[in-house]
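A short worksheet on the structure shown next.
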Number of protein chains: 2
Amino acid sequence: MQRQGYEGTGIKLIAREAKATLGSVYHFFPGGKKELALTAIAFSEKEFGELLSASLAQESSPGAAMEACARALADYLAADGWADGCPVTATALETLGDDDMREACGRAFAHWRGIVADALVKGGVGKADAAELAYTVIAALEGAELTAQVARGPEALHVAGKHLARLLGTYA
Amino acid sequence: MQRQGYEGTGIKLIAREAKATLGSVYHFFPGGKKELALTAIAFSEKEFGELLSASLAQESSPGAAMEACARALADYLAADGWADGCPVTATALETLGDDDMREACGRAFAHWRGIVADALVKGGVGKADAAELAYTVIAALEGAELTAQVARGPEALHVAGKHLARLLGTYA
DNA sequence: GTCTATACCCCGATAGAC
DNA sequence: GTCTATCGGGGTATAGAC
């Protein structure tokens with residue numbers, strides 16, 4: 001799904017790729033394609049949340065952490081030829097009409113923003129400013145990842161990291 | 001396509017919505033769905049380019065122009081219940097495997113970045129910095145638009161405009 | 001639990017009458 | 001140019017043997 005989106009990815013294809021049979025897939029995901037997608041979104045929410053937390057814990061400032069995150073994303077995307085992106089972004093725009101899917105994507109974004117906002121508050125930024133900055137940090141990373149995939153190059157992510165660090169620097 | 005993405009939008013549905021018959025659609029778009037999508041992307045490239053240019057011409061600074069753009073996007077999205085977003089973003093992630101589609105989306109993004117970069121240079125920013133800032137401006141607007149659609153609220157776009165103005169202000 | 005076969009539907013695309 | 005009918009294929013989901 002992170003490669004072709006929600007509608008473009010068939011369950012038969014997923015089963016083949018996972019070396020499972022179609023019957024097994026429906027045995028473990030009785031809710032069908034939608035349940036599979038919701039599971040994938042929840043998994044991605046956790047996975048990228050951990051990258052965010054790890055970067056924020058390792059680096060000396062939130063700004064430096066966002067630069068590190070952007071670089072990590074660029075390296076990850078480059079490794080498979082810029083094909084596998086963020087499954088939340090990829091599915092979100094196709095499923096805006098489905099409340100369950102839209103809310104799951106919204107929860108993932110909100111979770112990531114919460115991690116960033118908490119780190120900013122710990123770094124001395126006011127609560128209201130931190131919440132606002134978290135919106136822009138996550139949105140810019142998502143947009144830059146999309147741009148990097150379309151261009152098949154890391155530049156958009158690298159400059160996004162740099163500019164986010166600069167922006168956060170004006171608040172500390 | 002800006003509502004459900006590329007794969008989720010059938011040609012039959014498009015024909016019905018346009019009060020045309022399937023035969024007419026294929027008469028005017030012999031290349032089928034792909035040609036239709038490429039036409040839609042080119043149209044969107046022009047349309048949003050004009051919004052960018054108009055904002056940059058009217059406002060007193062590039063930063064103020066980006067705030068105006070973000071507000072205009074939020075108003076546009078709110079008008080139809082946050083359903084119709086950017087067709088380039090919506091199709092890009094589904095069609096990364098098709099070079100023609102990927103390059104068309106890349107051209108749209110590059111065109112928009114060029115408009116922003118030119119305005120920044122005219123405002124006194126160095127060429128290299130302007131090109132980099134344009135990446136972040138367009139990526140942040142795309143990401144914020146996606147976030148706003150998922151949340152069904154304008155906040156992500158409003159704060160993106162504010163932060164972009166602040167970021168650009170540190171370069172002028 | 002795992003598998004095959006299949007029901008049922010809608011997809012993109014085309015053919016050919018008018 | 002406009003329309004209807006249809007083709008071939010793939011989609012999701014289910015039934016039922018093992």
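Naming convention: chains lettered A, B, ... in sequence-line order (proteins, then strands); numbering from 1 in each chain.
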**Prompt:** Do you know the tightest heavy-atom contact between B:A139 and A:A140?
**Reply:** CB-O, 4.3 Å
**Request:** Would you check, one step at a time, whether the test side chain to side chain contact (heavy atoms under 4.5 Å, CB included) holds for A:L77 with A:D84?
**Result:** CA-CA 6 Å; A:L77 291 175; A:D84 288 351; 5.6 Å; no
**Request:** Could you state the atom-to-atom distance from CZ of B:F29 to P of D:dT2 in whole Å?
**Result:** 12 Å
**Item:** Value in whole Å for how far the C1' atom of C:dT4 lies from NE2 of A:H27
**Value:** 17 Å
**Request:** Verify salt bridge (Lys or Arg N to Asp or Glu O under 4.0 Å) between B:E132 and A:K162, making sure each step is shown before the conclusion.
**Result:** CA-CA 10 Å; B:E132 286 194 354; A:K162 174 176 155 181; 2.6 Å; yes
**Request:** Send over the distance from A:F28 CZ to C:dC3 P, rounded to a whole Å.
**Result:** 10 Å
**Fill in**
Correct closest heavy-atom pair for A:M101 and A:K34 would be SD-CG, 4.2 Å
**Request:** Check A:Q149, A:E142, A:Q2 against A:C86 for a side-chain contact (heavy atoms from CB on, under 4.5 Å) and give me the one that passes.
**Result:** A:E142
**Asked** Quick one, which residues of residues 7-23 of chain A touch DNA chain C with a heavy atom under 4.0 Å?
**Response** A:T21, A:G23
**Prompt:** Nearest of D:dT2, C:dA13, D:dA13 to any side-chain atom of A:K33?
**Reply:** D:dA13
**Prompt:** Between B:Y26 (OH) and C:dT14 (P), how many Å, whole number?
**Reply:** 7 Å
**Asked** Over how many whole Å does the gap from A:Q4 atom CD to D:dG11 atom C1' extend?
**Response** 14 Å
**Asked** Just how far, in rounded Å, is C1' of C:dC11 from CD of B:E94?
**Response** 15 Å
**Message:** Go through it in stages, so that I can follow the logic: the residues are A:T147 and B:I138, the test is side chain to side chain contact (heavy atoms under 4.5 Å, CB included), and I'd like the CA-CA distance, side-chain angles, deciding distance and then a yes or no.
**Reply:** CA-CA 9 Å; A:T147 306; B:I138 299 301; 5.8 Å; no
